[in-house]
Amino acid sequence: MDAERTAVTTCPLCEATCGLEVTLKDGDRVARVRGDAEDVFSRGFICPKGGSIKALHEDPDRLRAPLVRRGGELVPATWEEAYAEIERRLPPLLAEHGRDAVALYLGNPNVHNLSAVLYGRALTKALGTRNVFTATTVDQMPKHVSSGYMFGGALTIPVPDLDRTMHLLVLGANPLASNGSLMTSPDARGRLRDIRERGGKIVVVDPRRTRTAEHADEHHAIRPGTDALLLFALVHVIFAEDLATPGPHLAGVEEVAGLAEPFSPGAVAGPTGIAAGEIERMARELAAAESAAVYGRIGTTVQEFGTLASWLVDVLNAITGNLDREGGAMFPLAAAGQSNARGVPGRGRGFVTGRWASRVRGAGEALGELPVACLAEEIETPGEGQVRALITVAGNPCLSTPNSGRLARAVEGLDFMLSLDVYVNETSRHADVVLPGPSPLERPHYDVTLYQLAVRNVANFSPAVLPAPDGMPQEWETLLRVAAIAGGQGAGADLAAMDRFVAVATAAQAGAQDAEALVAEVSGRTGPERILDILLRCGPYDLILADLEASPHGIDLGALQPRLPGALRTTSGMVELAPEPIVADVPRLRAALDRRADGGMVLIGRRQLRSNNSWMHNLEPLVKGKESCTMHVHPEDAQRLGLADGAGARVTSRAGEIVVPVEVTDAVRTGVISIPHGWGHDAEGARMGVARRHAGVNSNLLADELVLEPLSGTAILNGIPVEIAPA
Ligand SMILES: Nc1nc2c(c(=O)[nH]1)N[C@H]1C(S)=C(S)[C@@H](COP(=O)(O)OP(=O)(O)OC[C@H]3O[C@@H](n4cnc5c(=O)[nH]c(N)nc54)[C@H](O)[C@@H]3O)O[C@H]1N2
Ligand SMILES: Nc1nc2c(c(=O)[nH]1)N[C@H]1C(S)=C(S)[C@@H](COP(=O)(O)OP(=O)(O)OC[C@H]3O[C@@H](n4cnc5c(=O)[nH]c(N)nc54)[C@H](O)[C@@H]3O)O[C@H]1N2
Ligand code: SF4
Ligand SMILES: [Mo]
C-alpha cells in the first residue's frame, strides 16, 4: 500500500511567501505540491511556479554534487576535492594581490534562503573585499537609498496597507505577474480585487497595459523614465490646491512644496505623455481618498530617476497624511531580524552612501556594495586592486546585469571563479568550482527579510520537508567552509565553533543584553534554527522557535500598526522629506522637463508569471507552449518600422545587438518596446537541457553598463534608447 503523508513549507521563489502543502508517497517521493489552504497568510493561493517546485526538486539537471574544472571541463568531484581546489587557488591569490582581488556577487535567491540570509555576512566579512556586488543595484537600491535618507534605515520601507486601503496608486509594478515586490502579499490579485469590492480605487501607471492595469479602475501609459515628473506634478497640485494634510513628525514640508513649483501638470504633460487635466484629477482623488497608498516598484527604480521617484512616492504618502496610518503606507514589524526596529527608537545615526568608491569609475558604495554595472571593468582593468577572482552565490550576472555580454567575456580572464549554484547556468559555466545546495524541499525555511516588507505581520517557520541527500551540506555550512578558506583557517576549520561565533555576533547585533548567555539558552539547537530562535527571542512578539514549530501554517501577528516616530533613525528624529542629497539631484530632473520626444524608441522589460528572473526555465511545466521571450511593439510603431508579427526584429543599442521575435500588441504604448529579461539560454557550456530548447534572447546585451542612476548606482534597465529594424 502506498503510504501518503503531507508536509508544509513556504515557497522560496518570489516575495509572496506562499504556503505549500507537499504530498509525499513511499517515504520521500513528491506526489504533488499545492497551496496550503491553512496557511495564515496565503490561505491556499499559489501561482504556477509554486506547483513546479516538484519539477525543480526532480530536475535531473539540478546539481547534486560539486563540479571542479579539470582539463577545461567541469567534472563531478567530492566535497573534499572541491574544497581542496578552492584552497589551492584562492588564498594564494589573496595573499599576493590583496583582499580586493576577489569580488563577490550575491544573486536574488539569497534573499529567499535562510542559510544565505543568516550566514552570507560571515562570507563577506571573511573575504574582506570592497568588491561586493549584488542584484540590488539592478533592482531596488533606489528604494533603500530614499528610505535611508527619509527614515534613517535602508530597510525602513513603508508598504501599502493593501488590505485596508481605499485608493492604491501603482507605478511601475505588475503584481499580477510578479506577485508583489517590496510588498509581501500572497494572492496580490485577490487583495487588489478586494480594494475594488469595498468601493476603493486602483490606478496603474505603466507604459504597458499589464494584467494589473486590466484589473484596475484606471491606467495611464506613461513614457518610460518619467515617473518622477508625474509624481512631482501630483505633489505640485496637492500644494497648489491646498489639499495637503501632512501628518506629524515631518521635516521639510515647505521645502518640498517649493521644489515642486516648476513641475506643474502642464510642464510634465509633454514628457510623461499624460494630460495635465488627468494629472490634476489623479492628485485630487488621491488627496480626497479616505485612505490611500502610493506604491512604486521596478519600473520606478531601475530607471534614470530611480531614487527621485522612490522618494516622491513616499513624499506623496506623507503629504496626503497617509504615511504610517491605516490604509496608507505603513511600516511592518517583523518577528525576527526586524532591521527597521534595531537600535534606539526614534533617532539614530542617519544614512550615508559613498563611504568608498569603485576603483575604475569611482562609483560610490551604497549599503556596503558597489554597482554591479562596474563589475566587468573591475575585472578587465589592470592595476592595483584589479579583480582576479569572483565568487557568485545564487546569481546569474552574466544574464542579469547590463551589458552582460561584456561581463561574460570579462570573467573568462579571471584567475579563479567559484559559483555556489544549483545549476550550471550562463554564469557558473565559467566557474572553476561549482558548489550546489539542497533543493527547496531539503532545507528549513523562514523569511527573515520578506516579513520585514509584508502587508500583515506574520511569522512562519518550516523544517526541511525531506532530508538532503547523503553528503549534501546545508548552504550555511558551505558558506562557512568557503569563509574559513578565505579567512585563512582552511577547509578543515572547526565549523561548530564558527557557527557559534556567528550566533553570538547575531545575538549581539539583535540587541541581546548578554549574547553569550542567550546563545547558551538555546543550547539544544545549532545552525540557522539556533540563530532564528535567538532573533525571535530578541524580537517584539515574545515568540520562540518552538512556538513556530507548533504552528506549521504560521502565526498571524495582526494588521500593520502605526510605528512613527519610534521607527525613525534619522539624526533629527523626524521624517526627512527634503534630504540634502536628494534635493541636490532635483535640477537633473528639472532639465528633463525640456526634453522633447524625438521619435526614438526605448526598451523596457516585463515579468512573466511562469518565469523567475533568469532561472526556472529548465522546468518543462513552466516553459511549454508558446514562446514568451518576444518583443512587444505597438501596431503603429510596427507598421512604421516595417515589423511583422512573428517575424524577427534586430534591436541595437550603445551596448549591443540582438534579434528577437516580434509580437505586435497595443498593450504597449507607442515609442516603447518591451522584452523580458533572464533569457538567452543558448550559451556553450551551460547545462540546462530544457532551457536550451526554449533559449530566448538576452535583453541585457542591450542594457548599458556605463550609465547609472547617480544616487544609488543602480543600472538603467527601463528606458534604454534603441534602434529597431526588421531582421
Ligand atoms: N533587463 C533587466 N534585467 C534585470 C531585471 C529587469 O527587470 N530587467 N531585473 C533584475 C532583478 S530585479 C533581479 S533580482 C536580477 C536577478 O538576477 P540574479 O540574482 O543574478 O539571477 P537569478 O536569475 O535570480 O539567478 C539565480 C541563480 O541562483 C540559482 N539558485 C536558485 N536557488 C538557489 C539556491 O537555493 N542556492 C544556490 N546556491 N543557488 C540557487 C539559480 O540556479 C540561478 O542560477 O535580475 C535583474 N536583471
Ligand atoms: N513571475 C515572476 N515574478 C517575479 C519575478 C519574475 O521574474 N517572474 N521576479 C521577482 C523579482 S526579483 C522582482 S524585483 C519583482 C519585481 O516586481 P514588479 O516590479 O512588480 O515587476 P514587473 O512585473 O517587472 O513590473 C514592472 C512594471 O514596470 C513597467 N515599467 C517599465 N518601465 C517603466 C517606467 O519607466 N515607468 C513605469 N511607471 N513603469 C515602467 C513594466 O512595464 C512592468 O509592467 O518581481 C518578483 N517576482
Ligand atoms: S506567488 Fe511566489 S511564493 Fe507564491 S507560489 Fe508563486 S512563486 Fe511561490
Ligand atoms: Mo529583483
Short N-O contact, Arg209 and Asp666, less than 4.0 angstrom: yes
Phe331 ring center within less than 6.0 Å of Phe151 ring center: yes
Between Arg297 and Asn174, a side-chain donor and acceptor under 3.5 Å: no
Any donor-acceptor N or O pair under 3.5 Å, side chains Glu214, Thr210: no
Nearest non-hydrogen partners of Thr301 and Thr714, listed with the distance: O-CG2, 4.1 Å
Under 3.5 Å side-chain donor-acceptor pair for Ser339 and Gln452: yes
Geometric class of the Phe232/Phe263 ring pair [parallel <30°, tilted 30-60°, perpendicular >60°]: parallel
Polar side chain donor-acceptor pair, Thr670 to Glu636, under 3.5 angstrom: no
Pair Thr307-Asp585, side-chain donor/acceptor within less than 3.5 Å: no
Between Gln608 and Trp679, a side-chain donor and acceptor under 3.5 Å: yes
Main-chain N/O of Leu162 paired with Thr165 side-chain donor or acceptor, under 3.5 Å: no
Those residues that, when tested against Phe305, pass ring-ring contact (aromatic ring centres under 6.0 Å, His included) (two or more places apart): none
Straight-line distance of Asn108 CG to Asp139 CG, nearest 0.5 Å: 7.0 Å
